[in-house]
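We name chains A, B, ... by the order of the sequence lines, and we start the count at 1 in each one.
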Protein chains: 2
Amino acid sequence: MAEGHGGTPQHGETLLFLTDEQLRKGIEAFFFAYKGFTADPDRILEARGYGRAHHRAIHFIHRSHGTTVNNLLAILGVTKQSLNRVLRTLIEDGLVESRVGTRDKRERHLYLTEDGQALEQELSAVQQARVRDAFRAAGPGAVAGFRNVLEAMMDPEMRRRYQRLTENGR
Amino acid sequence: MAEGHGGTPQHGETLLFLTDEQLRKGIEAFFFAYKGFTADPDRILEARGYGRAHHRAIHFIHRSHGTTVNNLLAILGVTKQSLNRVLRTLIEDGLVESRVGTRDKRERHLYLTEDGQALEQELSAVQQARVRDAFRAAGPGAVAGFRNVLEAMMDPEMRRRYQRLTENGR
DNA sequence: TAGCAATGTCAACAAGGCTGACATAAAATG
DNA sequence: CATTTTATGTCAGCCTTGTTGACATTGCTA
């Protein structure tokens with residue numbers, strides 16, 4: 001499967017020589033970094049009896065106020081039963097509000113309550129701080145480069161969803 | 001904690017202005033990319049009735065032939081009960097061999113069998129392909145930049161372990 | 001009106017984390 | 001040599017968060 005000695009250049013860019021060792025380091029870095037990436041929010045969530053699944057729901061509801069359940073399911077890529085379990089506790093705990101759609105009354109539109117927004121703020125503050133520090137430590141150019149690599153690593157379907165999110169903020 | 005409008009430059013590098021929006025995109029990119037990162041191995045593992053935990057064990061045993069259980073525990077950051085469950089199935093299935101230590105007979109040294117190496121190859125082939133393609137698509141400079149950001153994002157303890165791994169290959 | 005779509009819910013199951021407790025063998029230490 | 005510590009394994013039980021399958025309700029749509 002492509003022995004690391006190159007082949008032909010693609011995209012008209014300079015040929016990149018990537019050794020197995022370089023790739024392995026990248027893979028391990030990804031693994032270890034993801035732990036750090038989630039460590040701070042995890043601590044906050046744990047104190048409330050929540051997990052990462054709650055964080056993800058809160059994040060994307062904040063990101064897209066009034067999104068529907070189906071929409072959220074597509075973004076998160078889990079089953080409705082799995083999401084519903086999380087959503088139910090968040091609604092019961094008064095962090096998320098579910099309003100019946102006006103145009104289509106079958107849909108439920110999801111919003112963060114004040115408490116929900118407060119938790120979202122708390123979670124994103126620590127996570128953003130971690131990412132900000134990492135970007136600064138890595139220096140200029142890292143922001144775009146980092147995101148480009150990540151974007152290229154996504155499955156096409158997820159990339160589309162990601163790009164749709166970042167385009168219009170909705 | 002550096003208010004986002006900069007303050008004074010650090011590390012003698014150019015000041016980076018990072019908006020909340022940029023940070024949020026980075027965070028979401030990380031989330032979506034991690035899904036892609038694990039998608040290909042996950043498919044292979046599923047066919048064998050294994051999960052990500054098995055992959056991680058296999059990866060680091062391959063990476064450090066003859067490593068001890070304690071060592072592996074520290075790298076993976078899980079409990080011995082959790083690791084043991086995975087390790088037991090891998091040993092039963094003949095993918096991993098556990099040898100009593102010669103110097104210290106309490107230790108068990110872990111090795112991949114031929115079958116284990118074959119699976120490791122299969123798994124790393126698809127994962128490396130994904131990372132390689134992403135690096136190439138992102139262009140030169142991405143490799144180092146990407147790794148620098150990731151490294152800065154790790155918890156200090158994990159960063160030390162990561163660096164120790166990448167230094168001497170052991 | 002018939003059928004499809006969006007949502008919720010119940011039940012059951014699995015992976016993979018966790019804690020606590022206990023057992024064994026071997027090393028290390030006084 | 002006796003004691004303690006270390007490395008490992010194992011049993012039992014719990015939690016979160018995924019999964020599938022089945023079923024009900026409501027409301028849109030053809």
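In terms of position on DNA chain D, the residue among B:H109 and A:V86 whose nearest nucleotide sits closer to the 5' end is B:H109. Between A:H54 and B:K80, the one whose closest nucleotide on DNA chain D sits nearer the 5' end is B:K80.
An OP1 or OP2 oxygen of C:dT7 is reached within less than 4.0 angstrom by a side-chain nitrogen or oxygen of A:N70. Residue B:R88 has a polar side-chain atom (N or O) positioned under 4.0 Å from OP1 or OP2 of D:dT10. Neither OP1 nor OP2 of D:dG18 sits under 4.0 Å from any side-chain N or O of A:T79.
We find that CG of B:L87 is positioned 13 Å from P of C:dG17, with the value rounded to whole Å. Rounded to an integer number of Å, the gap from CG of B:L45 to P of C:dG16 is 9 Å. Taking atom CD of B:E46 as the reference point, atom P of D:dT19 lies 11 Å away to the nearest angstrom. Atom CG in A:L73 sits roughly 13 Å away from atom P in D:dT20 (whole-Å rounding). Residue B:L76 contributes atom CG, which lies 13 Å from atom P of D:dT8 at whole-angstrom precision. Distance CZ (A:R56) to C1' (D:dT16): 11 Å, rounded to an integer number of Å. If you take CG of A:L90 and C1' of C:dG8, they are 16 Å apart, rounded to a whole angstrom. Between the CG atom of A:N84 and the P atom of D:dG18 there is a distance of 13 Å, given to the nearest Å.
One finds the CD atom of B:Q163 at 10.5 Å from the CG atom of B:L165 (value rounded to the nearest 0.5 Å).
Side chain of A:D155 to backbone of A:E157: no donor-acceptor contact under 3.5 angstrom is found. A donor-acceptor pair is defined here as one N or O able to donate and one able to accept, closer than 3.5 Å; no such pair exists between the side chain of B:R130 and the backbone of B:F37. Although no hydrogens or angles enter the test, the distance criterion places a donor-acceptor pair under 3.5 Å between the side chain of A:H54 and the main chain of A:G51. Side-chain atoms of A:T67 do not come within 3.5 Å of backbone N or O of A:S64 as any donor-acceptor pair.
Relative to the side chain of B:K105, the nucleotides C:dA26, D:dT19, C:dT7 differ in distance, and C:dA26 lies closest. Of the listed nucleotides (C:dG17, C:dA26, D:dT10), C:dA26 has the atom at the smallest distance from the side chain of B:D104. Candidate nucleotides C:dT9, C:dG17, D:dT17 were compared by shortest atom distance to the side chain of A:R52, and D:dT17 ranks first. With C:dG16, D:dT19, D:dT8 as the choices, the nucleotide that has an atom nearest any side-chain atom of A:V78 turns out to be D:dT19.
Contact of B:R85 with C:dG17 (side chain to base): a donor-acceptor pair of N or O atoms is detected under 3.5 Å. Scanning atom types as modelled, no donor and acceptor separated by under 3.5 angstrom connect the side chain of A:R103 and the base of D:dG27. For C:dG20, the base has a donor-acceptor partner in the side chain of B:Q81 [N/O atoms by modelled type, under 3.5 angstrom]. With hydrogens and angles ignored, a donor-acceptor pair closer than 3.5 Å exists between the side chain of B:R106 and the base of D:dT6.
Geometrically, A:R99 engages A:Y111 in a cation-pi contact, judged by NZ or CZ lying under 6.0 Å from the ring centre and within 45° of the ring axis.
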